[in-house]
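Data first, discussion second: the structure below is written as structure tokens.
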Amino acid sequence: MTTLAVVGAQWGDEGKGKVVDVLAAEADLVARFAGGNNAGHTLVVDGKKIVTHLVPSGCTYPGTRCLLGAGMVIDPEVFAEEIAEIRKHGLLQQDELRVSLDAHVIFPFHRELDGLREDASGAQTIGTTRRGIGPAYEAKVGRRGIRVRDLLRPDRLCDRLERNKQALEPEFARLGRDRVIDVDALAEQAAGWAQWLAPMVCDAGAEVLEFIRAGKSVLFEGAQGALLDVDHGTYPYVTSSSTIAGGACTGLGIGPTMINGVWGITKAYTTRVGAGPFPTKLEGEAGERIRAMGGEYGATTGRPRDCGWLDLPALRLAARRNGLTGLVVTKLDVLARLSTVEICTRYQDDIDPGRDGFDDAVAVYESIPGWGDPTWGERVSKARSLDDLPGPVRAYLDLIAESIEVPITMVSVGADREQTIYLTPAF
Ligand code: GDP
């Protein structure tokens, strides 16, 4: 059995898209298990950029099947546009895409509610992407969610829409909007979605098991990052789904024994979008430099990301919550242009983020002296093996691996597939 879960080990945007894209070269199935179009992956294939929000990153390989799991929330309008965009590149044939019957559906009223709530919350905002993700997950837990399978049953669909209307209209009225949920109009729109979705629906768990039983390689693709997990992240500044490796089980309908390994992805530094604690955040010019060098603007919203040094206590927590068997370090090339690199090795007063939370965490740094070699940046971005990396970079990687007690299995030194150093086979 050859399966691997790949998850973000920080607050998202770790470069999962690129890493899963690289690993998917050897995968027969790439199954995404959580989130919606609040995630955004930027894939670079032959110099061309493809941005995906819902479709797993395996979509760039002809013959690799892509599966959207039950743990996801799917906006059919966004999904249709994304499929059309990917197909313009000659990728993603009909047989290569499957959607779980149990995935939840984002309706226009979820998006509207998300935006109205963010507008009304002022300074208290969570900083959601306003794509309706939160309201759709809320409906799921509130037992009035509408699943892909409901779209295929118009009688059931109208009943569900009616329940949502009753549940949400008072809030819409409070927020200054009337008659947002028109059941008949929405049912008609949904009938259109059902038509093109029907050929790709499946039982996601059965689909995964079929691949595993046939001895095929399966990648489980997470969204966002461990520290945004609804149960284990920096609550309440979290996303609405299970982003940790355990989410692969609940989000696809398979058992934990089906996961052979878990790789966590971290940037060589840290970024965060939206509100919530961020102990190593850099204010002012220092943060702006990393942002500019790393192109740290959201793939989904274009929002500038807060930037800071690598946070080892946070990474250790992510390693524990995911049971990491390997660590992938991305964007090492971004730091190559800096003369000094700092790394947070612990928090003051022995604060343990798992036990004490992050609110009072004050980062303590180790300063790694400037490398002072003008060819350093160039050498890192062209590195093909660890031997190509200058000594101080290797020392930086060793410090990370030792500190979190997880071996580094892959290093990324640029956005291209070729700018990847493989240390351990994925399958
Ligand atoms: P994701 O949601 O985790 O995939 O994160 P993003 O899509 O925001 O990915 C980060 C961005 O960094 C994308 O534009 C990638 O092409 C790019 N990227 C990924 N790995 C590297 C790397 O090692 N170096 C550089 N310079 N860019 C990278």
Side-chain angles (χ1 to χ4, degrees), residues 5-24 30 32-60 82 129 131 133 219 221-228 239 241 243 263-274 289-307 310 318 327-338 377-384 388-389 393 396-397 408-423:
V6 179
V7 294
Q10 298 175 298
W11 280 287
D13 310 314
E14 298 93 347
K16 290 178 298 295
K18 176 202 156 160
V19 173
V20 174
D21 172 62
V22 164
L23 294 174
V30 183
R32 186 171 150 190
F33 58 82
N37 58 312
N38 48 346
H41 291 320
T42 314
L43 313 173
V44 181
V45 183
D46 298 331
K48 280 188 227 119
K49 254 192 185 182
I50 304 178
V51 178
T52 63
H53 298 286
L54 289 164
V55 175
S57 307
C59 67
T60 54
E82 193 170 308
T129 52
R131 306 276 155 109
I133 314 290
L219 264 187
E221 176 183 319
Q224 284 92 29
L227 301 175
L228 291 173
T239 193
S241 58
T243 59
W263 286 9
I265 307 178
T266 177
K267 283 190 239 213
Y269 49 95
T270 309
T271 63
R272 177 160 201 175
V273 198
R289 270 183 79 193
I290 296 186
R291 184 181 310 133
M293 291 188 300
E296 295 299 347
Y297 296 89
T300 301
T301 57
R303 284 187 288 185
R305 296 172 182 151
D306 288 328
C307 299
L310 189 62
L327 186 73
V328 180
V329 180
T330 64
K331 293 200 142 184
L332 201 59
D333 54 304
V334 172
L335 294 190
R337 285 159 227 150
L338 292 170
E378 182 111 330
R379 282 167 67 200
V380 174
S381 57
K382 289 197 176 138
R384 294 292 177 274
D388 296 332
L389 292 173
V393 189
Y396 186 61
L397 293 174
I408 294 180
T409 46
M410 181 184 273
V411 176
S412 171
V413 293
D416 266 22
R417 282 177 181 166
E418 290 70 36
Q419 291 172 306
T420 310
I421 302 173
Y422 298 81
L423 302 173

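When a ligand or atom number is given, it counts from 1 through the structure's own listing order. In this chain, numbering begins with 1 at the start of the sequence shown. Scope of the values below: all heavy atoms of this structure, side chains included, with no hydrogens, waters or symmetry mates.
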Which of the atoms of ligand 1 are close to [X], meaning less than 4.0 Å from one of its heavy atoms?
X: Arg305; answer: 8 (O)
X: Lys16; answer: 1 (P), 2 (O), 3 (O), 4 (O)
X: Gly17; answer: 1 (P), 4 (O)

ask   = Heavy-atom distance to atom 23 (O) of ligand 1: which of Gly294, Ser412, Ser57, Ala223 wins?
value =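 Shortest heavy-atom distance from atom 23 (O) of ligand 1: Ser412.
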message = For atom 17 (C) of ligand 1, which of the options Lys331, Glu221, Glu296, Lys18 provides the nearest non-hydrogen atom?
response = Lys331
Counting only nitrogen or oxygen atoms and a 3.5 angstrom limit, does [X] reach ligand 1?
X: Thr330; answer: no
X: Gly12; answer: no
X: Gly15; answer: yes

query = What do the steps show when you test Thr330 against Lys18 for side chain to side chain donor-acceptor pair (under 3.5 Å), and what is the final call?
reply = CA-CA 9 Å; Thr330 64; Lys18 176 202 156 160; over 6 Å; no
query = If you round to the nearest 0.5 Å, how far is CG of Leu219 from CZ of Arg32?
reply =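 Between atom CZ of Arg32 and atom CG of Leu219 there are 14.0 Å.
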ask   = NZ/Lys16 to CG/Leu23 distance, rounded to the nearest 0.5 angstrom?
value = 13.5 Å
query = Above 12 or not: heavy atoms from other molecules or residues under 6.0 Å from CZ of Arg417?
reply = yes
ask   = Can Gly8 be said to touch ligand 1, with heavy atoms closer than 4.0 Å?
value =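 Flag not set, Gly8 not near ligand 1.
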ask   = With backbone taken as N, CA, C and O and side chain as the heavy atoms from C-beta onward, which portion of Val413 lies under 4.0 Å from ligand 1: side chain, backbone, both, or neither?
value =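 Only the backbone of Val413 comes within reach of ligand 1.
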task = Please lay out, stage by stage, how Asp21 and Thr60 fare under the test side chain to side chain donor-acceptor pair (under 3.5 Å).
result = CA-CA 7 Å; Asp21 172 62; Thr60 54; 2.6 Å; yes
query = Closest approach of Val7 and Thr243, non-hydrogen atoms and distance?
reply =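 Shortest heavy-atom contact: CG1-O, 3.8 Å.
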query = Do NZ/NE/NH1/NH2 and the carboxylate oxygens of Lys382 and Asp388 come within less than 4.0 Å?
reply =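 Salt bridge: no.
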